[in-house]
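For the numbers below, each heavy atom of this structure counts, side chains included, while hydrogens, waters and symmetry mates do not. Proteins come first, then strands; the chains are lettered A, B, ... in the order of their sequence lines, and each starts at number 1. Computed from a predicted structure; not experimentally measured.
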Amino acid sequence: MKVLVCVKQTFDTEAKIELKDGKISDAGINLIINPYDEVAVEGAIQLKEKGIAKEVVVLSAGADKAMDAIRTALAMGADRGILVKQDTAADEYQRAVALAAAIKDENPDLILAGHVAADDGSSQVPTRIAEILGLPHVNVITNIEIADGKAVCTSEADGGTQVTEVSIPAVISSQVSWNEPRYPSMKGIMQAKKKPVATIDAVAADAKSTIVEFSLPPAKTAGVKIEEDPDVAAAKLGDWMKNTVKVEVK
Amino acid sequence: MAGTWVFVEQRDGNVRKVTYEMISKAKTFGDEVSAVVFGKGVEGLAADFAKYGADKVYVVEGDVFANYNTGAFVAQIAAMIQEYNPNAILFAHTFNGRDFASRLAQKLEAGLATDVIDAEISAGKGVFTRAIYAGKALAKVEITTSPILATVRAGVFEVVEGAGAGEVVKPAVAATDADVYQTVKSFEPTVSARPELTEADVVVSGGRGCKGPEGIKIVEELADLLGAAVGGSRAAIDSGWLGHELQVGQTGKVVNPNLYIAAGISGAIQHLAGMSSSKFIAAINTDPEAPIFNVADFGVVGDLFKVVPLLCEELKK
């Protein structure tokens, strides 16, 4: 079975966001694999270790530097990579069209991705890819079992946990609680340098949405801060909660 | 153009509050507002939506709609879009809502703004504010594809009552079992007497300062006294003191309750991204330099093991 994993290169989640010329500045920002996608990479590698997957292909759409994200996934244990060169400002539609075209050429048995990216928070692309390819999908999974041409997925659902079965090929998106991604070993990092990565151009498509303005949220200002005996502090905090916030006590 | 549709987010007839928030917001666009509900035995809900101003309620009943599944829901709403031509459709930004809207958007080759915290819709144009980088920045997104599609974050729009005609419309059922490609084997509801994190009025969260399950228990006691949801920072989740679904922050849930109480949470930027839009923030932390105090309306420098139990006593008075 061939498993393809879509990864997006995103800002480190500890990054402080600043604007420059009305755009989000990437100056001095540490770039990582989107944490949700990293979990998908780990899930794919584990399928290979279990003997279920024969090959793990990692696919990313983005700028040249997204190659680093691909190399990291290869160092974790993926077999080869594909970089689809695309403007990082592409919208979810353009992104999905570009990724789906590359996936179609690969014809994998399973397509994995994070259910959301930590940067734009859109959570659209995996589902859009499934629609383009005419495949079933399951989102936000925390476990997967593959057997008899089917994927049985446990996922975080609204107000509970759901188990869903789909036929494969399918597009499956991961929740971060699925697994704990491994750190690449030194050996893995060395091997990754020799693993093949193909570079292709994105399929042209018109955007379906336009970001007309970036801004920073109004800075939250610090209010009062007290340092007193616990009973005095608790009384003052309780008073504030009752009279300013107007909480209801059950 | 048949106004704005609000897709009703419900399970077994229990409607999520965000549905009423969306109807209330849609009323401000000045166009006709319709609630759209798919399910089994859901017609009785129609009066509920009229109470918040829905002019029409599209009710689609059938076994195939008993539980959310992408295939049947997309097939049905796509047929209804053809038939009725709505200007815009709002979905809740729940797991189901974003799944539904994303697949529909791609089928229609349309734009979609997800997790919006503000919306302005006119004929053929939607302008939405989205929190990106988990709230560290905002993006204004314009959509002109038809219909205008968005998923809406819970808790950002106020619920306003206002009588609507609530005229029940029963569209033709277009979806069949053949449209279903996901087989739901089981659904286990989360058993909790507490409200859900993203919908709660008050959230009490614990972090590293809780030191273990005993500290979390103190946090939970305060939460239960306030009818609040319990959340945690990444430290509390990674230590296994709370389930992952309760993580607040950039790789967890983004919450915006009326009151957020951070107990033993230092306030890493990852965490602040998930809660700093809360209306009121209180923080209890032993470290006077903890960054959480930079966003707290009321900060107590102190030991949560001492302050929180005393606070519970104080609130009970």
Side-chain angles (χ1 to χ4, degrees), chain A residues 11 13-14 16-17 24 35 91-93 96 118-124 127-128 131-132 136 138-140 152 156-166 176-177 208-217 220 222-227 230-231 233-235 237-238 240-241 245 247 249-250, chain B residues 94-96 98-99 102-103 106-107 110-115 132-143 145 181-190 196 202 225-227 244-245 250-251 259 269-270 276 280 282 288 293-302 306-307 310-311 314-315:
Chain A
F11 286 16
T13 53
E14 295 296 330
K16 190 172 186 300
I17 305 297
I24 304 286
D91 79 343
E92 298 86 352
Y93 174 83
D119 53 3
D120 61 34
S122 285
S123 41
Q124 297 184 30
T127 312
R128 282 183 180 268
E131 174 66 21
I132 295 169
V138 183
N139 283 319
V140 208
V152 179
E156 188 179 334
D158 302 312
T161 305
Q162 185 162 299
V163 177
T164 309
E165 183 183 279
V166 290
V176 277
S177 50
K208 302 294 182 183
S209 61
T210 316
I211 295 180
V212 290
E213 184 190 287
F214 288 105
S215 61
L216 296 181
K220 187 101 186 171
V224 289
K225 181 166 78 174
I226 59 169
E227 194 163 359
D231 54 336
L237 174 54
W240 175 78
M241 284 168 64
V245 184
V247 292
V249 179
K250 304 279 161 183
Chain B
T94 52
F95 288 127
N96 286 349
R98 63 183 96 165
D99 178 288
S102 298
R103 189 104 193 194
Q106 189 57 42
K107 185 181 171 73
L112 165 65
T114 48
D115 197 18
I132 56 173
Y133 298 93
K136 288 187 244 176
L138 302 171
K140 205 171 253 189
V141 181
E142 197 176 284
I143 291 185
T145 47
Y181 45 76
Q182 301 145 325
T183 311
V184 176
K185 300 295 232 186
S186 67
F187 176 79
E188 288 290 329
T190 308
E196 204 173 319
V202 181
L225 193 61
L226 298 167
H244 172 266
E245 70 283 0
Q250 192 161 0
T251 50
L259 173 63
I269 194 160
Q270 218 273 5
S276 51
F280 292 105
F293 289 124
N294 297 334
V295 300
D297 299 289
F298 199 105
V300 174
V301 180
K306 289 182 185 147
V307 177
L310 286 166
L311 174 63
E314 186 65 32
L315 291 170

At a heavy-atom separation under 4.5 Å, does D119(A) approach chain B through its side chain, its backbone, both, or neither?
both
Most heavy-atom pairs under 4.5 Å with chain A, out of A113(B), P288(B), G302(B), belong to P288(B)
Aromatic plane relationship, Y133(B) with F11(A) - under 30° parallel, 30 to 60° tilted, over 60° perpendicular:
tilted
Straight-line distance of E92(A) CD to Q106(B) CD, nearest 0.5 Å:
10.5 Å
For chain B, which of G121(A), P35(A), P230(A), A233(A) has the most heavy-atom pairs under 4.5 Å?
P230(A)
With a 4.5 Å cut-off on heavy-atom pairs, point out which of L138(B), I269(B), I132(B), L112(B) contacts chain A the most.
L138(B)
Quick check for you: among N294(B), T145(B), D115(B), which has the greatest number of heavy-atom pairs under 4.5 Å with chain A?
N294(B)
Could you check whether atom NZ of K225(A) has more than 12 heavy atoms from other residues, nucleotides or ligands sitting under 6.0 Å from it?
yes
Would you say K208(A) and I143(B) make side-chain contact, with heavy atoms under 4.5 Å?
no
Got a second to check how far M241(A)'s CE is from F298(B)'s CZ, nearest 0.5 Å?
10.5 Å
Using a cut-off of under 4.5 Å for heavy-atom pairs, which of I211(A), T161(A), V166(A), T127(A) has the most such pairs with chain B?
T161(A)
Count the heavy-atom pairs under 4.5 Å between each of P136(A), S122(A), A157(A) and chain B, then report the option with the highest count.
S122(A)
Considering only heavy atoms from C-beta outward, does the side chain of W240(A) approach that of V245(A) to under 4.5 Å?
yes
May I ask you to name which of G238(A), S215(A), A222(A), A118(A) has the most heavy-atom pairs under 4.5 Å with chain B?
S215(A)
What part of P217(A) gets within 4.5 angstrom of chain B, counting heavy atoms only: side chain, backbone, both, or neither?
both
If one checks every heavy atom of A139(B) against chain A at 4.5 Å, the contacting part turns out to be both
Using heavy-atom distances under 4.5 Å, tell me whether A110(B) contacts chain A through its side chain, its backbone, both, or neither.
backbone
If we ignore hydrogens and angles and just use 3.5 Å, is the side chain of R98(B) paired with the main-chain N or O of T94(B) as donor and acceptor?
yes
Quick one: what part of V224(A) sits under 4.5 Å from any heavy atom of chain B, side chain, backbone, both or neither?
both
Where on E196(B) is there a heavy atom nearer than 4.5 Å to chain A: the side chain, the backbone, both, or neither?
side chain
Nearest 0.5 Å, please: how far is CG in L310(B) from CG in D231(A)?
6.5 Å
In terms of heavy-atom pairs under 4.5 Å, which option from I132(A), L216(A), V152(A), V247(A) contacts chain B the most?
I132(A)
With a 4.5 Å limit on heavy-atom distance, are the side chains of T251(B) and T13(A) in contact?
yes
